[in-house]
Amino acid sequence: MEAFLQQLNESQREAVLYNEGPSLVIAGAGSGKTRVLTYKIAWMLQNGISPYNILALTFTNKAAREMKSRIARMADEDTARRLWMGTFHSLFSRILRREAEHTGFRSDFTIYDAQDSKNLLKAIIKEKQLDDKVYKPASIQAHISKVKNELITPERYLADKELIEYDNFTHKPAIADIYMTYRNRCKTAGVMDFDDLLLYTYLLFDENPEIKARYRNQFRFILVDEYQDTNSAQHEIVRQLTTEQHSICVVGDDAQSIYSFRGANIGNILDFRKTYPESKLFKLEQNYRSTQIIVKAANSLIDKNKEQIPKHIYSRKSPGDAIPVICAYSDLEEGYIVAGRIAEMRMIRHCEYKDFVILYRTNAQSRIFEEALRKINIPYRIYGGLSFYQRKEIKDIIAYMRLTVNPNDEEALKRVINYPARGIGDTTVNKIVATATTHNVGLWEVLADPLKYNLNINSGTAKKLESFRKIIYRLAEIALTQDACETGRAIVKETGLLGELYEDRTPEGLSRVQNVEELMSSLNAFVSSRREEGIREISTGDFLAEISLLTDQDTDKNAHADWVTMMTIHSAKGLEFKNVFIVGLEEQLFPSERSMQNPRNIEEERRLFYVALTRAEETVFLTYARNRFRNGQSQSCVPSRFLKDIDRQYLHIPADAAFGHSPVQPSFSAPHSQTKPERYTSLRKLAREENEPDVTVQHQSIGPLQVGYRIRHERFGAGKITALTGENENAKAVVLFDNFGSKQLLLKFARFEIIKE
DNA sequence: GGCCGGGGCATTTTT
DNA sequence: TGCCCCGGCC
């Protein structure tokens with residue numbers, strides 16, 4: 001471990017070693033933030049702190065997974081697993097399930113995704129006979145989400161004069177009532193939406209001081225990643241769990257706070273030192289990613305923001321080239337220019353396609369680049385769009401799973417009660433909803449005993465409902481006695497879902513079948529990986545709990561395939577590319593039209609541009625068009641004000657691209673000292689070697705297996721056995737996989753073959 | 001229940 | 001311009 005510490009720079013090391021009280025680590029772009037977090041945790045573990053006492057919160061599953069696997073390499077797999085490390089949402093849902101008896105929910109509550117909540121709101125607005133032009137479901141949803149993130153319950157909302165007055169003022173006086181109904185409906189349905197996972201955790205701690213104390217005592221060390229993205233609820237929960245002397249370490253970069261629109265509060269990080277007056281401040285200011293010019297250009301840009309924590313980010317890489325600014329006549333030409341540059345650079349500089357990314361402000365911009373790339377046969381991939389779990393066929397199956405776990409789940413029930421078609425129409429569903437609402441019970445209660453609630457339906461409909469009910473009962477029974485895999489299989493078979501899909505021979509139909517197969521195989525993988533961990537019972541609920549909080553942002557399969565990447569700047573956060581094109585740098589597009597009223601929003605847009613610039617390792621191109629097709633008509637455009645915010649000495653501005661000033665020659669004509677391999681890479685290798693797990697009973701060989709053999713695992717691919725431990729039932733192999741880090745496999749369950757070198 | 005056409009609308013997105 | 005949603009019609 002001492003050796004590890006040598007691998008850190010001074011400020012990183014200081015941040016890692018300070019654990020005596022609250023600390024704020026300002027981590028500039030590319031400054032080795034994740035490494036500080038992982039080393040810090042590894043250091044704690046090394047010093048005898050139990051993983052059980054460490055709470056590490058991240059925003060995405062991907063971040064949590066990466067950190068976990070790095071820690072597994074430095075400590076060991078089992079310890080890493082016992083850490084409380086994960087997203088806010090997943091860890092809090094774990095706590096809420098555990099403490100269910102104090103929450104008013106059952107431990108098997110299901111989770112509404114954004115679409116479900118919107119559908120429910122839409123239904124409520126309709127039931128209340130409100131005008132959905134005034135009460136637009138999407139904006140009501142955003143509003144409710146916002147107040148929840150401010151920890152405002154329906155009761156508090158009603159009592160809040162200002163909120164009520166504001167709603168009257170905007171002619172939407174029914175919002176409080178909609179919110180109340182929504183909350184109650186979720187409660188009777190036994191479901192939580194994403195915001196509820198935070199809100200109810202806060203309320204749990206708030207209303208039960210002894211529970212709060214228990215967790216506060218348990219989590220003696222708390223780490224929060226991407227603190228600039230926390231919303232008020234997250235901030236407050238962290239406060240509930242800490243004292244002013246607590247060892248809490250928050251890591252983030254105020255300059256990269258770009259999610260205020262979904263509730264993130266940059267004040268959390270800016271005012272951290274007011275919240276914890278005793279806290280220490282560490283700054284990671286060396287950027288290991290980008291050339292000096294890129295870093296300096298980005299600095300000069302972000303300097304124009306008022307609200308920020310002072311810092312001096314620097315790079316010791318080569319100076320690099322000045323940043324070309326390219327002006328195109330039209331959006332179409334912008335596409336051709338970028339595509340042409342990529343082709344050219346690939347030839348001249350021997351880059352691969354995957355070294356390029358095109359970053360834009362809005363998804364709508366992607367189409368033109370798509371067409372331009374396709375025209376000259378450049379392979380590309382667009383990030384974003386419909387995620388795997390949002391596809392209809394997947395949501396249908398998941399809805400059935402949700403019903404087997406929680407038959408009162410309203411949105412799941414509405415989704416599949418007539419799919420595949422069973423002749424149960426809207427009228428019937430509406431009657432069920434109305435009956436359930438008047439009796440204040442879940443939909444399933446009504447469905448299970450229609451007579452008791454005087455459900456007004458004819459005998460034909462009653463029969464149809466009966467047969468649906470039987471299906472769900474049967475599936476629920478399977479879910480009770482068998483594992484998640486069997487349940488999944490039964491769902492596909494018994495409901496006739498797959499049959500329905502097989503009939504469709506169109507390409508879309510085939511891809512739907514493939515998606516279902518993929519879901520089934522992920523179910524399989526889930527069950528078998530839990531088995532390998534030695535867990536015997538794996539219920540459908542366990543699977544749901546995991547995937548409800550998952551997105552396929554997380555599945556970065558094909559990450560090494562060779563294609564150009566296109567994405568919004570927002571989704572590029574945290575990533576890096578050798579060459580970056582930032583396109584559409586025009587007023588009203590970037591900064592977006594909507595951000596213009598408010599200087600704070602402009603600052604956020606500027607941070608967004610900062611994020612874009614700092615994705616690049618070697619080269620950045622900035623492009624804008626003079627004319628652009630927007631909303632059906634061609635508009636002439638003005639170059640973005642942000643171009644003027646970058647110190648001109650770092651830009652290369654040709655005459656035709658002049659914006660605001662007269663063109664000048666670039667100040668650096670790039671003496672090309674090729675970037676040396678970063679210290680970073682060698683470090684990582686070192687880190688990997690030094691950390692074989694300390695396990696109890698070690699063997700040189702078990703059966704045909706020997707330490708040092710290479711194997712190929714069904715899911716994790718190739719890897720080397722680094723240790724063999726345990727006896728018989730508990731025999732395990734520790735395998736260092738080429739692409740998945742170190743894993744312990746329970747030999748009884750693990751599926752792999754021995755391969756030759 | 002599915003298909004077609006009109007109207008409205010048009011940042012950013014993870015959990 | 002293009003997409004999505006809704007409502008009407010078969």
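What you see below is based on every heavy atom in this structure, not just the backbone, and it leaves out hydrogens, waters and symmetry mates. Naming convention: chains lettered A, B, ... in sequence-line order (proteins, then strands); numbering from 1 in each chain.
When the nearest nucleotides of DNA chain B are assigned to A:Phe194 and A:Ile424 by heavy-atom distance, the more 5′-ward of the two goes with A:Ile424. Along DNA chain B, the nucleotide nearest A:Ala421 and the nucleotide nearest A:Ile258 are compared for position; the residue whose nucleotide lies closer to the 5' end is A:Ala421.
C:dC6 and B:dT11 have their C1' atoms separated by 24 Å, with the value rounded to a whole Å. Comparing the C1' positions of B:dT12 and C:dC5 gives an interatomic distance of 22 Å, to the nearest angstrom. Look at the C1' atom in both B:dT14 and C:dC3: the space between them is 24 Å, to the nearest Å.
Paired with A:Asp116 under the rule salt bridge (Lys or Arg N to Asp or Glu O under 4.0 Å), one option of A:Lys395, A:Arg185, A:Lys122, A:Arg415 passes, and it is A:Lys395.
The phosphate of B:dT13 (OP1 or OP2) has a side-chain N or O of A:Asn363 nearer than 4.0 angstrom. Here A:Thr362 does not reach the OP1 or OP2 of B:dA10: none of its side-chain N or O atoms lies under 4.0 Å away. The shortest distance between the side-chain N/O atoms of A:Asn631 and the OP1/OP2 oxygens of B:dG8 is not below 4.0 Å. Not one side-chain nitrogen or oxygen of A:Thr568 sits closer than 4.0 Å to the OP1 or OP2 atom of B:dT11.
Taking atom CD of A:Gln365 as the reference point, atom P of C:dG2 lies 16 Å away to the nearest angstrom. The distance between atom CZ of A:Arg65 and atom P of B:dT15, rounded to the nearest whole Å, is 10 Å. In this structure, CG of A:Leu91 is placed 13 Å from P of B:dT15, rounded to the nearest angstrom. Between A:Asn149 atom CG and B:dT15 atom C1' there is a gap of 11 Å when expressed in whole angstrom units. Rounding to whole angstrom units, NZ of residue A:Lys146 and P of B:dT15 are separated by 22 Å. Separating the CD atom of A:Gln588 from the P atom of B:dT12 is a distance of 16 Å, rounded to the nearest angstrom. For the pair A:Glu587 CD and B:dT11 P, the computed distance is 18 Å after rounding to whole Å. Spacing between atom NE2 of A:His570 and atom C1' of B:dT11 amounts to 8 Å, rounded to whole angstrom units.
Using a distance-only test at 3.5 Å, with no hydrogens or angles considered, no donor-acceptor pair links the side chain of A:Gln635 to the main chain of A:Phe629.
Out of B:dT13, B:dT11, B:dT15, the shortest distance to the side chain of A:Tyr259 is found at B:dT13. Among the nucleotides B:dT15, C:dG2, B:dT11, the one closest to any side-chain atom of A:Thr87 is B:dT15. Proximity note for A:Asn61 (side chain, C-beta onward) versus B:dT15, B:dT11, B:dG1: the nearest is B:dT15. Of the listed nucleotides (B:dA10, B:dT12, B:dT11), B:dT12 has the atom at the smallest distance from the side chain of A:Phe261.
Residue contacts for A:Arg367: at a heavy-atom cut-off of 4.0 Å it reaches the sugar-phosphate backbone alone, with no base atom in range. At a threshold of 4.0 angstrom between heavy atoms, the contacts of A:Gln390 with the nucleic acid are absent. Using a 4.0 Å heavy-atom distance criterion, A:Asn418 is classed as a sugar-phosphate-only contact.
Annotation for A:Glu334 and A:Ala625: closest pair OE2-N, 4.5 Å, computed over non-hydrogen atoms.
For the residue pair A:Thr110/A:Asn406, the side-chain donor-acceptor check at 3.5 Å is satisfied. Between the side chains of A:Thr87 and A:Ser90, a donor-acceptor pair is found at a separation under 3.5 Å.
A:Phe629 does not qualify as a stacking partner of the C:dT1 base, lacking a centre-to-centre distance under 5.5 Å together with planes within 30°.
Judged by a 6.0 Å distance limit and a 45° cone about the ring axis, A:Lys118 is not positioned over the six-membered ring of A:Tyr112.
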Check: protein-nucleotides 6-9 of chain C nitrogen or oxygen pairs below 3.5 Å:
| from | atom 1 | to | atom 2 | distance (Å) |
| --- | --- | --- | --- | --- |
| C:dC6 | OP1 | A:Lys122 | NZ | 3.2 |

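By the 30° and 60° cut-offs, the orientation of the rings of A:Trp84 relative to A:Tyr215 is perpendicular. The aromatic rings of A:Phe109 and A:Phe105 sit perpendicular, their planes meeting at an angle over 60°, well past the 30° parallel limit. A:Tyr360 and A:Phe369 have parallel rings, their planes meeting at less than 30° on a 0 to 90° scale where 60° marks the start of perpendicular.
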